[in-house]
Every structure is written in C-alpha cells, then in structure tokens.
Amino acid sequence: MRERIAQACAATHRPADSVRLLAASKTFSADRVREAAAAGQHDFGESYAQEGVEKINATRDLPLTWHFIGPIQSNKTRPIAERFDWVHSVDREKIARRLSEQRPAGQEPLQTCIEVNISGEASKSGVAPADLLALAKSIASLPGLRLRGLMAIPEPTDDMALQRRRFAHLRELLHQLKEALAQEGLVLDTLSMGMSADLEAAIAEGATIVRVGTAIFGERTKA
Ligand SMILES: *Cc1c(COP(=O)(O)O)cnc(C)c1O
C-alpha cells in the first residue's frame, strides 16, 4: 500500500511523505488493527462510533491516532467528541456545536474536516459547496474543534478523468476557503480524499490524507 502511494506521489512530483495513509478499519477486528500497527500503521479510521470506541479501548496500549469518518447522527456525537482525535465528516452546524460542547476540557481540540458534497444529487452526505463558507466560519469559532480542511466521498466511477475533476473541485474549494478565512489564523492544510479505488486521482489533485480500507484489509463482508 505504501508503495502504491509512493508511486502515485512520484508520478505527480510530490514527496512521498506528503500523503498520510489512514487505514479504514471498519468491520475489521482489533486484532487486525494490531497487526497493521505492528507493520507501522499509525492512523486508523472508523465509521461507526460504537464499533470504533470498542477498538480504541482494545488497543489502548498502542499510540494510535483515531479518525471518525462515517455519517454522524446528532445523538451519537459524545463518543466521537470524547474518544477520537480527528473527525472528517462534519456537515452541519448542529453536529459541530455538539461535538465542541462535548469535547472534554483537558483534551486537544478535535481536529476537524468538513465533508463536502461534490457529487451533487447523487450523494446524501456533505454540505453543499454554496453553504461551505458559513459552516467553516461557525466551526472556526468553536473552542472544542480545530478546523483543518475538507473531506469528500465522490460517487464511484472508473473514469479517472472524472475522478480527477471531482477531486480538483474539492482542492479548489479548500483554496477559496483559505482565501476567505485568511484573517482567522487557521491552518487549513488537509484534503481528505481518495480511497482504494481512486487514490491515484486524489493524490494527483493534492490529497494529504487518503482513507484506504479494502486495499489494506481485503474485502469487507458486511457494510
Ligand atoms: C470504508 C471507507 C473508506 C475506505 O474505503 P475502501 O474502498 O475500502 O478503501 C474510506 N472512506 C470512508 C468514509 C469509508 O467509510
């Protein structure tokens, strides 16, 4: 997997260490997480809060970084706020406010990406690009969250040119956001985009975090 990322970086003249690999471990056991950690993997992503917390508890002895990458229901924010280091999938203000309020005072702010809907009507999750700036401003004002960038999950397609157009769109949205919020002193350095099937296109368009499940752990047997 690291070889594939290194090649994708080389192909677009990026340093190999400019892309962070997040292992999307949903549905895989804590033992599989331990194996990956023993092989040098440090960042893990979970899509279900309860399942994620169980794995965090089961690997407490390891210095891992945990990212929440799934859809967020407003009654499930507390475990995310209390136990995760990053959240990639904030797409509305109500969720952001709850996460901030529930982030324990002694902890670093929760590193936060806004999920953007760059596939139009085909996708249910993510804020519409037109509403992004307002959401970013409100997140930037919340003490329990630290806004770091954007995330997207485009609809699957084998057409690499289309994959690249969508990822380029997210890159452009981050660029616009940086300009609009230049006075706020934020570090907007994160583009969380690219999965097993499209990480080359994402890296070519500037991904700084790729979220990879199947290509690391194999096929998932449940959703
Ligand atoms: C499962 C998941 C991934 C990884 O998908 P693969 O196709 O298995 O690489 C990436 N991002 C999110 C949000 C996911 O839920």
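If you're wondering where the values come from, they're calculated on a predicted model, not measured in any experiment. If you read the sequence from its start, that first residue is 1, and numbering goes on from there. Counting starts at 1 for both ligands and their atoms, in listed order.
Scanning the protein heavy atoms around atom 11 (N) of ligand 1, the nearest turns out to be Arg211 NE, 2.9 Å. Nearest non-hydrogen protein atom to atom 9 (O) of ligand 1 is Ser196 OG, 2.4 Å. Protein heavy atom closest to atom 5 (O) of ligand 1, with residue, atom name and distance, is Met195 CE, 3.8 Å.
Environment of CG in Asp158: sparse, with no more than 12 heavy atoms of neighbouring residues, nucleotides or ligands closer than 6.0 Å.
Transitive grouping of hydrophobic side chains (ILVMFWY, heavy atoms separated by less than 4.5 Å) keeps Tyr48 and Ile80 in distinct clusters. Taken together through direct or relayed side-chain contacts under 4.5 Å among Ile, Leu, Val, Met, Phe, Trp and Tyr, Val87 and Leu142 form part of one hydrophobic cluster.
Using a 4.0 Å cut-off between charged nitrogen and carboxylate oxygen, Glu35 and Arg32 count as a salt-bridge pair. One finds no salt bridge joining Glu46 and Lys26 here, because no Lys/Arg side-chain nitrogen approaches an Asp/Glu carboxylate oxygen to under 4.0 Å. A salt bridge links Arg4 with Glu200: the closest approach of a Lys/Arg side-chain nitrogen to an acidic carboxylate oxygen falls below 4.0 angstrom. Between Arg34 and Asp61 there is a salt bridge, since a side-chain N of the basic residue sits under 4.0 Å from a carboxylate O of the acidic one. A salt bridge does not link Arg97 with Glu101: none of the charged nitrogens is closer than 4.0 Å to a carboxylate oxygen.
Close approach of ligand 1 to Val212 (heavy-atom distance below 4.0 Å) involves ligand atoms 9 (O). Every atom of ligand 1 is numbered from 1 in the order shown, and the set under 4.0 Å from a heavy atom of Ser47 is 15 (O). Of all atoms in ligand 1, numbered sequentially from 1 with element shown, those under 4.0 Å from a heavy atom of Ala24 are 3 (C), 4 (C). Residue Lys26 has at least one heavy-atom neighbour below 4.0 Å for each of these atoms of ligand 1: 1 (C), 2 (C), 3 (C), 14 (C), 15 (O). Residue contact check: Gly213 has heavy atoms under 4.0 Å from atoms 4 (C), 6 (P), 8 (O), 9 (O) of ligand 1.
At least one heavy atom of Arg220 sits under 4.0 Å from some atom of ligand 1.
Compare Ile216, Ile69, Thr214, Leu199 by their heavy atoms: the one nearest to atom 8 (O) of ligand 1 is in Thr214.
Between Ile153 and ligand 1, a contact under 3.5 Å exists for no N or O pair.
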